[in-house]
Amino acid sequence: MDETDVSGTYLGFDFSTQQVKILATDHNLQMMKEVSVHFDSELPQYNTKGGAIMQNDRITVTAPTEMWVQALDLALDKMKQSGFDFSTVVAVSGTGQQHGSVYWKNGSHAILRRLDAKMTLHEQVKHCFSIKDSPIWMDSSTYAECRYLEKCVGGAQQLADITGSRAYERFTANQIRKVFCRQREAYEKTERISLVSSFAASMLLGDYAPIDYSDGSGMNLLNLKLKTWDKTCLLSVADNLEEKLGIPVPSSTDLGYISSYFCQRYGFNSNCKVIAFTGDNPASLAGCRLQKGDIVVSLGTSDTLILWLDEPHPSTEGHIFINPIDDDAFMALLCFKNGSLTRERFRDKYAGGSWENFSKALQMTKPTNNGNIGIYFDVQEIIPESVGDHRFDGKDKKVVEFSNDEEIRSLVEGQFMAKRFHAEQLGHKLTPQSRVLATGGASANPEILQVLSDVFQAPVYTLDTSNSACLGCAYRANHGVMGGHKTAFADIFRQPPNYKLAAKPRPADYDIKRYGRLENAIIPL
Ligand code: ADP
Ligand code: XUL
């Protein structure tokens with residue numbers, strides 16, 4: 001296979017919270033093979049739960065960095081044992097849980113540069129970390145650091161204007177500041193700080209891999225307009241930080257050839273390229289083959305929205321990242337805590353505990369629910385910060401209860417109007433081409449999807465996203481060798497995506513502005 005041959009296979013690596021996964025596609029980007037290593041069950045010596053270790057304070061959450069290295073060894077071994085021919089791989093890319101950080105000790109670069117193929121990665125890299133346990137996205141121990149950073153830049157909205165998000169506990173700048181303030185000696189001994197994604201890429205590259213724009217947007221450090229580290233943020237977080245972070249790069253950057261370690265140990269071709277790794281949510285955007293105007297709605301335990309944005313309007317709600325497949329565009333991520341569990345409460349109270357009856361109630365009632373609107377937060381919601389049940393009749397008057405069927409419709413419509421309202425607040429624009437791609441447990445319910453379609457006035461498609469981040473990285477590996485951002489991402493596919501049409505919008509006039517007014521009215525002052 002020579003350097004111009006793109007007919008081989010592509011690998012996506014996924015360093016997620018609970019496991020490391022490797023997925024291979026053929027040259028048509030059709031999935032061929034997948035292996036995974038589950039941290040809790042396959043590496044029990046690290047005593048993780050769900051891949052993480054929570055301290056007694058319940059707000060400090062980390063993962064053993066060396067566990068991720070060992071999982072990579074095991075995943076590659078599994079792939080080899082399955083008979084996979086690594087010499088066919090044209091390029092690899094990958095993804096990691098967002099926000100987590102890795103602290104490489106002085107001298108580690110030299111170790112990465114001369115890995116010995118006779119030994120495992122774990123044997124050689126396990127002593128490379130000045131902080132042994134990486135802070136991860138589930139950590140929420142940096143409240144003070146967050147307030148400090150916001151104060152330094154002039155406020156929460158100012159920080160969002162610069163970096164796409166107000167300060168969040170899990171965002172990397174605040175985690176780095178915590179290390180800088182509380183473990184100064186370890187910080188001083190750190191020559192490089194990686195995200196989980198760029199850490200994984202560094203091993204495959206045998207060199208420090210840069211942080212990509214998209215995952216870098218989840219740090220409260222990257223200036224989204226200039227695409228460079230923001231000077232005020234850098235100075236507010238820690239000394240000498242810029243040199244420890246390296247220069248951020250576009251997410252489709254070709255970083256160079258895979259380390260000779262992998263050629264010798266697993267039989268990779270020496271021409272195999274490593275394309276920059278990115279965060280899991282950006283990688284899912286690629287895996288879902290999202291396009292301008294599209295929106296992914298994941299209806300799981302909590303509900304999540306991923307949207308494509310051309311013009312971002314950063315706010316103190318939600319997150320804006322640079323788009324991983326088009327540097328000139330953006331994406332937004334919105335998380336809503338009250339999703340399926342609230343739907344279950346209504347199912348149990350108003351539909352006798354059956355999804356079938358829940359669906360019937362949606363069939364029996366009409367779009368816009370005779371003007372009745374409900375906003376229901378069982379637990380403190382993230383967007384907006386509010387809690388409790390709130391019902392309004394067609395004249396915006398607070399009421400105590402609707403009929404059983406209207407209760408159910410008011411819940412589902414309220415949840416989807418909230419999503420549309422907040423997506424539009426961040427700059428989302430519905431176009432005639434807009435599609436809603438639905439995933440997660442509740443996307444199995446056609447009546448719920450009909451309401452989603454009516455509220456967004458767009459067709460709803462379902463897709464299997466169980467592998468979307470990992471698959472998205474095999475796609476990105478291909479995109480990277482096809483010229484990266486110079487080639488439209490959609491042009492790399494020779495086959496149409498396997499979306500299934502689940503609902504077409506019916507004529508309905510949802511007053512999203514009115515919903516927004518009512519939602520504002522329930523936020524405690
Ligand atoms: P997670 O966020 O844990 O990955 P899932 O995406 O698997 O969650 O979604 C699980 C949820 O899906 C359950 O809590 C349940 O409420 C919901 N669900 C499953 N089937 C249906 C259905 N037919 N109608 C509505 N909701 C459903
Ligand atoms: C996103 C976030 C999580 C992690 C882990 O902001 O914290 O989705 O990326 O999946």
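Each ligand, and each atom within it, is numbered from 1 in the order the structure gives. One is the number of the first residue; the rest follow in order along the sequence.
The two residues Tyr213 and Ser251 have their closest heavy-atom pair at N-OG, 4.0 Å. Shown here for Pro459 and Ser453, the closest heavy-atom pair between the two residues is CA-OG, 4.1 Å.
Taking the centre and axis of the six-membered ring of Tyr168, the NZ or CZ atom of Arg166 falls inside the cone set by 45° and 6.0 Å.
For ligand 1, the protein residues within 4.0 angstrom (heavy atoms only) are Gly300, Thr301, Ser340, Glu344, Trp355, Gly440, Gly441, Ala442, Asn445, Ile448.
The salt bridge (charged side-chain N to carboxylate O under 4.0 Å, His left out) contacts involving residues 442-465 comprise Asp454-Arg506, where partners must be two or more places apart or lie in separate chains. Within the structure, the salt bridge (charged side-chain N to carboxylate O under 4.0 Å, His left out) test picks out the following pairs touching residues 283-308 (sequence neighbours left out): Lys292-Asp310, Asp294-Arg435, Asp303-Arg343, Asp303-Lys419.
Taking every non-hydrogen atom of Leu333 and a distance limit under 4.0 Å, the qualifying atoms of ligand 2 come out as 1 (C), 6 (O). Close contacts of ligand 2 with Arg170, meaning ligand atoms under 4.0 Å from a residue heavy atom, involve 1 (C), 2 (C), 6 (O), 7 (O).
The protein non-hydrogen atom at the shortest distance from atom 2 (C) of ligand 2 is His99 NE2, 3.6 Å.
Lys33 places no side-chain N or O within donor-acceptor distance of the main-chain N or O of Ile22, the cut-off being under 3.5 Å.
Ligand 2 has an N or O atom lying under 3.5 Å from an N or O atom of Gln98, backbone or side chain. In terms of polar-atom proximity, defined here as any N/O pair under 3.5 Å, Asp280 does make such a contact with ligand 2.
For Glu317, the side-chain hydrogen bond (donor to acceptor under 3.5 Å, both in side chains) partners two or more places apart in sequence, or in a different chain, are His422.
Phe199 and Trp104 have tilted rings, their planes meeting at an angle from 30° to 60° on a 0 to 90° scale.
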